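Counting starts at 1 for both ligands and their atoms, following the listed order. Because the structure is a prediction, the values reported are computed rather than measured.
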Amino acid sequence: MVGVNKRQIRIGMIGYKFMGKAHSHAYRDVSFYFDSEVEPVLQAVCGRNDEGVKEAAEKMGWLSYETDWRKLIARDDIDLIDIVTPNNAHAEMAIAAAEAGKHVFCEKPLAMTLEQARRILEAVEKNGVIHMINHNYRFSPAVQYAKKLIETGRIGKIYHIRASYLQDFIMDPKFPLVWRLDKEICGSGTLGDLAAHSIDLARFLVGEFKEVTGVLETFIKERPLVEDSSGLSGKASEDMTGEVKVDDASLFIARFENGALGTFEATRFAGGNRNGNRFEINGEKGSIRWDAEKMNNLEVYFHDDEPGLQGFRNITCTEDIHPFAGAYWPAGHIIGYEHTFINLIAELLHGISKGISPSPNFHDGVRNQAVLAAIETSSTTKEWISISSLLEER
Ligand SMILES: NC(=O)c1ccc[n+]([C@@H]2O[C@H](COP(=O)([O-])OP(=O)(O)OC[C@H]3O[C@@H](n4cnc5c(N)ncnc54)[C@H](O)[C@@H]3O)[C@@H](O)[C@H]2O)c1
């Protein structure tokens with residue numbers, strides 16, 4: 001449904017599987033919940049397989065489809081290119097879209113390397129288009145409320161962030177070498193896939209990283225090749241194997257510019273943890289905890305609570321005063337994973353209407369990529385790497 005008299009933003013999306021589904025759903029639902037100044041139109045979706053993309057277009061409500069992303073970008077009835085392809089395609093697509101004068105919305109991590117990320121940022125800036133990167137977890141109302149508590153001084157000076165992103169879907173050694181484990185396609189393993197989200201949450205809530213040092217480990221070094229893949233999984237070859245060149249786990253410690261310390265752990269070998277994206281922040285006046293699998297809730301502790309009653313309180317962030325929550329249901333009527341995408345896309349549309357690139361944008365993407373690069377380097381040099389010197393280096 002297209003709103004009366006609203007400016008339309010015609011979307012061209014490249015890719016249509018896991019994130020393609022999440023983004024398509026968000027475009028379809030955003031105007032239902034938010035009074036945005038602009039209206040997204042699902043103009044065209046692109047895939048490589050005619051039958052597959054046609055079926056996806058019909059199911060998800062896209063008006064047309066293409067099988068060549070360059071043709072999609074060249075179309076003059078497209079205003080924004082949304083990139084939901086694996087990481088190795090982001091740079092080429094994002095730069096081509098910017099050069100064609102299209103706004104660009106890209107999945108994380110922005111690129112395979114810091115150099116690529118910088119080139120993407122240069123292209124969007126040179127061509128004056130709006131840009132945003134999909135770090136959707138910061139758009140959970142509870143995380144947004146954590147940000148408010150920190151900004152209004154309720155937690156005081158921050159001492160620690162302890163973040164982990166734990167999964168277990170590749171623990172079986174027979175799990176195949178899907179694109180997420182193929183270095184040529186994804187660039188890194190848990191680092192770019194999981195730690196990138198924790199880095200974004202830390203930058204959002206605590207501040208800029210000063211320096212990091214970390215370790216990467218690959219527990220299963222040889223896996224069956226993949227014959228057919230879909231979403232996170234795939235069908236394993238019976239007789240062909242390949243070397244795994246990406247990390248199964250990434251651990252790092254960090255100092256922040258404001259003096260806080262961070263410990264981070266991302267792994268796909270934490271049995272029992274399906275999508276355990278969590279953090280705890282400790283400050284001089286209180287602490288905050290969040291867990292994406294219980295995303296409506298924020299645990300908060302204040303040192304100045306009455307003695308005897310001190311302890312973490314569990315807040316359900318579904319009241320009108322919790323950012324974005326008021327767009328949905330009455331208090332206590334919880335929301336889910338897909339709403340983080342709707343909230344982010346509401347921000348993107350608002351940014352387009354105002355001519356600004358909302359955060360997280362490609363500046364954030366470059367800074368995030370610098371932290372990823374520093375962890376990767378430190379895992380071999382065993383040194384602390386300064387983020388500002390990496391960002392200044394050309
Ligand atoms: N924000 C998040 O929480 C989150 C979650 C999952 C994935 N991601 C990111 O989203 C991106 C995609 O991941 P996914 O899980 O959706 O992958 P996926 O394998 O489920 O889907 C990838 C899609 O890209 C298409 N594709 C690949 N190369 C293409 C090309 N050259 N032209 C046209 N289409 C092409 C595939 O056909 C498929 O439709 C990755 O960068 C990943 O890191 C982000």
Side-chain angles (χ1 to χ4, degrees), residues 12-26 44-57 59-60 62 65-73 81-94 96-97 105-112 116-117 120 132-140 143 165 167 169 176-182 184-201 226 228-234 246 266 268 274-275 277 292-293 295 336-345 348 360 364-365 368-369 372:
M13 186 176 77
I14 318 178
Y16 57 82
K17 285 197 181 160
F18 179 17
M19 281 304 103
K21 184 174 173 182
H23 290 213
S24 300
H25 171 263
V45 60
C46 177
R48 290 161 299 179
N49 168 290
D50 192 87
E51 206 181 319
V53 70
K54 181 170 183 280
E55 192 186 319
K59 186 165 182 190
M60 300 195 288
W62 291 86
Y65 69 88
E66 296 286 349
T67 51
D68 176 349
W69 63 268
R70 292 184 188 280
K71 275 197 190 151
L72 181 82
I73 288 177
I81 292 292
D82 181 351
I83 303 166
V84 288
T85 57
N87 314 346
N88 62 335
H90 293 183
E92 201 182 5
M93 290 172 178
F105 177 37
C106 187
E107 262 304 339
K108 49 56 56 180
L110 187 54
M112 301 278 277
Q116 269 191 3
I120 299 175
M132 202 168 178
I133 180 167
N134 189 42
H135 280 294
N136 53 304
Y137 289 107
R138 55 155 103 172
F139 287 89
S140 152
V143 173
Y165 200 148
Q167 296 186 337
F169 74 103
L177 226 155
V178 294
W179 74 256
R180 275 185 167 73
L181 302 180
D182 183 340
E184 301 297 307
I185 302 180
C186 59
S188 66
T190 57
L191 198 56
D193 204 33
L194 308 182
H197 278 306
S198 302
I199 291 165
D200 183 67
L201 289 171
V226 66
D228 189 21
S229 79
S230 158
L232 291 184
S233 62
V246 300
R268 293 171 174 151
R274 298 297 196 250
N275 195 40
N277 177 6
E293 289 187 17
M295 58 161 272
Y337 180 62
E338 66 270 35
H339 297 88
T340 61
F341 294 83
I342 300 175
N343 296 344
L344 185 146
I345 281 172
L348 172 63
D364 298 284
N368 195 309
Q369 203 90 41
L372 296 175

Under the side-chain contact (heavy atoms from CB on, under 4.5 Å) criterion, do Met93 and Ile81 qualify, and how do the steps go?
CA-CA 9 Å; Met93 290 172 178; Ile81 292 292; 5.7 Å; no
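Not one N or O of Trp69 is nearer than 3.5 Å to an N or O of ligand 1, by distance alone. Remark: ligand 1 and Met19 share an N or O pair separated by less than 3.5 Å (distance only, no angle test). Residue Tyr137 has no N or O atom closer than 3.5 Å to an N or O atom of ligand 1.
At a heavy-atom distance under 4.0 Å, only side-chain atoms of Asn136, from C-beta outward, approach ligand 1. Residue contacts with ligand 1, taken as heavy atom pairs separated by less than 4.0 Å, involve Met93 solely via side-chain atoms from C-beta onward. Counting heavy atoms closer than 4.0 Å to ligand 1, residue Asn49 contributes nothing at all. The side chain of Arg180, and not its backbone, has at least one atom closer than 4.0 Å to an atom of ligand 1 (non-hydrogen atoms only; side chain from C-beta on).
Test Arg138, Met132, His135 against Asp364 for side chain to side chain contact (heavy atoms under 4.5 Å, CB included) and you get one pass: Arg138.
Remark: Arg70 engages Glu92 in a salt bridge, criterion side-chain N to carboxylate O under 4.0 Å.
Remark: the Gln116 side chain and the His90 side chain contain no N/O donor-acceptor pair separated by less than 3.5 Å.
Close approach of ligand 1 to His90 (heavy-atom distance below 4.0 Å) involves ligand atoms 41 (O). Interface of Gly15 with ligand 1, defined as ligand atoms under 4.0 Å from a residue heavy atom, comprises 23 (C), 24 (O), 25 (C), 39 (O). Every atom of ligand 1 is numbered from 1 in the order shown, and the set under 4.0 Å from a heavy atom of Asn134 is 1 (N). For ligand 1, the atoms sitting less than 4.0 Å from at least one non-hydrogen atom of Pro86 are 22 (C), 24 (O), 27 (C), numbered in the order shown with element in parentheses. Interface atoms of ligand 1 facing Tyr337, defined by a heavy-atom separation under 4.0 Å, are 3 (O). Shown in contact with His197 at under 4.0 Å from a heavy atom are these atoms of ligand 1, numbered in order with element: 1 (N), 2 (C), 3 (O). Residue-ligand proximity, Val84 to ligand 1, at heavy-atom distances under 4.0 Å covers atoms 12 (C), 22 (C), 23 (C), 24 (O).
Heavy atoms only, all atoms of each residue included: Ile14 and Thr85 are closest at O-CG2, 3.4 Å. Counting all heavy atoms, side chain and backbone alike, Ala195 lies closest to Ala266 at N-CB, 3.8 Å.
Using a 30° and 60° split on the angle between ring planes, Tyr137 and Tyr337 fall in the tilted class, from 30° to 60°.
Comparing Arg48, Lys108, His135 by heavy-atom distance to atom 37 (O) of ligand 1, the nearest is Arg48.
Using a 4.5 Å heavy-atom cutoff, the side chains of Lys108 and Asn368 are not in contact. Inter-residue side-chain proximity for Ile342 and Phe139 is flagged as unmet; no heavy-atom pair is nearer than 4.5 Å. Considering only heavy atoms from C-beta on, Val246 stays 4.5 Å or farther from Asp193 through its side chain.
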